[in-house]
Amino acid sequence: QVRVVESGGGSVQIGGSLRLSCATSGYTGSRKCMGWFRQAPGKEREGVATTDSNGSTRYADSVKGRFTISKDNAKNTLDLQMNSLKPEDTAMYYCAAGAGYYSAGALHCSSQRSFDYWGQGTQVTVSS
């Protein structure tokens, strides 16, 4: 069983920074894909940033240049550094892990179907 636990959310002013952290455990093969997702009230859950076992990373256009995803394999943690926060970043943030899927011999972690295990979420609120 893979366990995923987020921490680090909170309230911050516009332009501020927050760092989210995710502690994971369980079979490594079930954690080839790791990522952060978010869901704002009334909106669908969306991908924020993902990384895979090959070290590739992918970011949503809305956070490129502001957010950085990083993984520490020794500590089994996944962090999301969020800078220059905007009100539209306000959402519940979820850490997720999954085995991904293969297509044409390549591991895919770009969609939510790649993720099987989800944390409970941590709230991020950005206001003036």
Side-chain angles (χ1 to χ4, degrees):
Q1 182 71 15
V2 175
R3 191 163 177 261
V4 179
V5 180
E6 308 97 336
S7 62
S11 297
V12 65
Q13 290 187 327
I14 296 171
S17 298
L18 277 176
R19 190 176 184 89
L20 305 183
S21 187
C22 175
T24 68
S25 61
Y27 175 51
T28 303
S30 297
R31 292 182 282 141
K32 292 181 182 177
C33 300
M34 298 289 299
W36 289 95
F37 297 78
R38 67 186 181 187
Q39 187 168 21
K43 294 187 177 181
E44 292 187 354
R45 187 170 58 193
E46 62 176 357
V48 176
T50 61
T51 185
D52 65 27
S53 55
N54 298 316
S56 298
T57 58
R58 184 186 294 263
Y59 295 92
D61 289 342
S62 59
V63 306
K64 282 180 181 176
R66 300 189 298 122
F67 291 12
T68 302
I69 190 170
S70 59
K71 184 169 61 172
D72 187 324
N73 290 323
K75 295 181 179 179
N76 288 325
T77 58
L78 182 76
D79 289 353
L80 184 68
Q81 177 66 43
M82 305 185 294
N83 299 328
S84 302
L85 283 161
K86 305 175 181 180
E88 51 264 43
D89 295 318
T90 295
M92 185 71 77
Y93 283 70
Y94 298 91
C95 179
Y101 67 93
Y102 286 84
S103 178
L107 175 65
H108 288 262
C109 299
S110 57
S111 68
Q112 295 191 39
R113 62 175 281 198
S114 298
F115 296 84
D116 308 296
Y117 304 95
W118 297 81
Q120 293 299 307
T122 185
Q123 179 67 37
V124 171
T125 302
V126 184
S127 59
S128 57

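Computed from a prediction, not measured in an experiment: that's the story for all the values here. Excluded from the calculations below are hydrogen atoms, water molecules and symmetry mates; all remaining heavy atoms, backbone and side chain alike, are included.
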Which atom pair, heavy atoms only, marks the closest approach of Y101 to S111?
CE2-OG, 3.8 Å

Is there a side-chain contact (heavy atoms from CB on, under 4.5 Å) between V4 and C22? Walk through the geometry before answering.
CA-CA 7 Å; V4 179; C22 175; 3.3 Å; yes

Between the main-chain N or O of S56 and the side-chain N or O of N54, is there a donor-acceptor pair closer than 3.5 Å?
no

Is there side-chain contact between W36 and L78, with at least one heavy-atom pair below 4.5 Å?
yes

Taking all non-hydrogen atoms of both residues, which atom of V2 and which atom of A97 are closest, and how far apart?
CG1-CB, 4.2 Å

Is the closest basic N to carboxylate O distance between K86 and D89 below 4.0 Å?
no

Would a 4.5 Å heavy-atom cut-off, applied to side chains only, mark P87 and I14 as touching?
yes

To the nearest 0.5 Å, how far apart are CG in N73 and OG in S53?
9.0 Å

With the 4.5 Å side-chain cut-off for hydrophobic clustering, are M82 and Y94 part of the same group?
no

Atom CZ in F67, atom OG in S62: separation rounded to 0.5 Å?
7.5 Å

Quick one: closest heavy-atom pair of Y59 and I69, and the distance?
OH-N, 2.9 Å

Check: Q81/N83 side-chain N/O donor and acceptor closer than 3.5 Å
yes

CD/E88: more than 12 non-hydrogen atoms of other groups inside 6.0 Å
yes

Applying the side-chain contact (heavy atoms from CB on, under 4.5 Å) test to M92, which of Q123, R45, E6 qualifies?
Q123

Are any of the side-chain heavy atoms of T122 and S7 separated by less than 4.5 Å?
no

Okay, side chain of D116, backbone of S30: is any donor-acceptor separation there less than 3.5 Å?
no

For the pair T90 (side chain) and V126 (backbone), establish whether a donor and an acceptor sit closer than 3.5 Å, ignoring hydrogens and angles.
yes

Spacing of L20 atom CG and D79 atom CG [to the nearest 0.5 Å]
8.5 Å

Got E46 and R38 here, is their nearest side-chain heavy-atom distance under 4.5 Å?
yes

dist S114:OG -> H108:NE2 (nearest 0.5 Å) comes out at 8.5 Å

Restricting to non-hydrogen atoms, name the atom on A99 and the atom on C33 that form the minimum distance, rounded to 0.1 Å.
C-SG, 4.3 Å

Separation of M34 CE from L80 CG (nearest 0.5 Å):
12.0 Å

Supply the atom-to-atom distance S110 OG to D52 CG, rounded to the nearest 0.5 angstrom.
10.0 Å

Taking atom CZ of R66 as the centre, report whether more than 12 heavy atoms of other residues, nucleotides or ligands fall under 6.0 Å from it.
yes

Around R19, counting heavy atoms of other residues, nucleotides and ligands shown, do more than 12 lie under 6.0 Å from its CZ?
yes

So, T24 and R31: side-chain donor and acceptor under 3.5 Å apart, yes or no?
yes

So that I know where these two stand, are F37 and W118 an aromatic pair - ring centroids less than 6.0 Å apart?
yes

